[in-house]
Amino acid sequence: QVQLVESGGGLVQAGGSLRLSCAASGRTFSNYAMGWFRQAPGKEREFVAAISRGGGYSIYADSVKGRFTISRDNAKNTMYLQMNSLKPEDTAVYYCAAKPSPSLPVSGYDYWGQGTQVTVSS
């Protein structure tokens with residue numbers, strides 16, 4: 001079992017930046033591909049980004065490509081999402097997720113955090 005706790009959400013103006021963190025515990029962090037997802041009010045949860053176990057590979061949703069950067073520090077059991085040039089449409093609850101996979105999954109994650117709210121004002 002892996003426990004995940006997100007932090008770093010908040011209220012920011014359009015054009016601003018935030019960095020989300022996801023702290024993991026319970027199992028060997030480096031065995032898990034990690035991902036970020038988000039869910040806006042009244043919408044389905046959607047994929048944002050994923051990073052490979054070693055951190056060498058990552059993929060992004062088209063809507064965030066060039067603005068968001070996913071990274072991880074396996075020594076600290078922590079994953080990050082640096083969000084720049086934020087837009088009001090980025091407003092959502094952001095979730096981190098883990099999956100014991102050698103690839104970069106965009107779905108089918110096994111473990112989830114409780115989420116952190118990001119609100120971008122116009």
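Computed from heavy atoms alone, side chains included, the values below leave out hydrogens, waters and symmetry copies.
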(message) The criterion is side chain to side chain contact (heavy atoms under 4.5 Å, CB included); which residues satisfy it with Ser121, sequence neighbours excluded?
(response) Leu11, Gln13
(request) Report the residues that fulfil side chain to side chain contact (heavy atoms under 4.5 Å, CB included) with Glu89, sequence neighbours left out, ordered by chain and then residue number. (result) Lys87
(request) If you link ILVMFWY side chains whenever their heavy atoms are less than 4.5 Å apart, which other residues fall into the same cluster as Leu20? By chain and number, please. (result) Val2, Leu4, Val12, Leu18, Phe29, Tyr32, Met34, Trp36, Val48, Ile51, Tyr60, Val64, Phe68, Ile70, Met79, Leu81, Met83, Leu86, Tyr94, Tyr111, Val118, Val120
(message) Rounded at 0.5 Å granularity, tell me how far OG in Ser58 sits from CG in Leu104.
(response) 7.5 Å
(request) Output all residues satisfying side-chain hydrogen bond (donor to acceptor under 3.5 Å, both in side chains) with Ser103, sequence neighbours left out; order by chain, then residue number. (result) Ser101
(message) Checking Phe47 now: which residues fulfil ring pair (Phe, Tyr, Trp, His ring centres under 6.0 Å) with it, not counting sequence neighbours?
(response) Phe37
(message) Minimum heavy-atom separation for Ala14 and Pro88, please, with both atom names.
(response) CB-CD, 4.1 Å
(request) Only pairs at least two apart or in different chains count here, so list each salt bridge (charged side-chain N to carboxylate O under 4.0 Å, His left out) that has a residue in residues 40-52. (result) Arg38-Glu46
(message) Going by the rule side-chain hydrogen bond (donor to acceptor under 3.5 Å, both in side chains), which residues pair with Ser52 if we only count those two or more places apart in sequence or in a different chain?
(response) none
(request) Considering non-hydrogen atoms only, spot the tightest contact between Thr78 and Ala23 and give its length. (result) OG1-CA, 4.3 Å
(message) Return the CD to SG distance between Glu6 and Cys96, rounded to the nearest 0.5 Å.
(response) 4.0 Å
(message) With rounding to the nearest 0.5 angstrom, report the CZ to OG distance, Arg67 to Ser85.
(response) 7.0 Å
(request) Can you run down the disulfide (SG to SG under 2.5 Å) pairs that involve residues 54-89, sequence neighbours left out, and say none if there aren't any? (result) none
(message) Using every non-hydrogen atom in the two residues, find where Pro105 and Lys99 come nearest and quote the distance to one decimal.
(response) CG-CD, 3.6 Å
(message) Applying side-chain hydrogen bond (donor to acceptor under 3.5 Å, both in side chains), can you list everything that pairs with Gln82, at least two apart in sequence or on another chain?
(response) Asn84
(request) Mind listing the closest non-hydrogen atom pair of Tyr109 and Ala50 along with its distance? (result) OH-CB, 3.5 Å
(message) List the residues meeting side-chain hydrogen bond (donor to acceptor under 3.5 Å, both in side chains) with Thr28, not counting sequence neighbours, and say none if there are none.
(response) none
(message) Among residues at least two apart in sequence or on other chains, which ones pass side chain to side chain contact (heavy atoms under 4.5 Å, CB included) with Asp73?
(response) Ala75, Lys76, Tyr80
(request) Could you tell me which residues satisfy salt bridge (charged side-chain N to carboxylate O under 4.0 Å, His left out) with Arg27, sequence neighbours excluded, listed by chain and number? (result) none
(message) Please check this pair: side chain of Tyr57 against backbone of Arg53, looking for a donor-acceptor N/O pair closer than 3.5 Å.
(response) no
(message) Does any part of the side chain of Pro100, heavy atoms only, come nearer than 4.5 Å to the side chain of Asp110, both counted from C-beta?
(response) yes
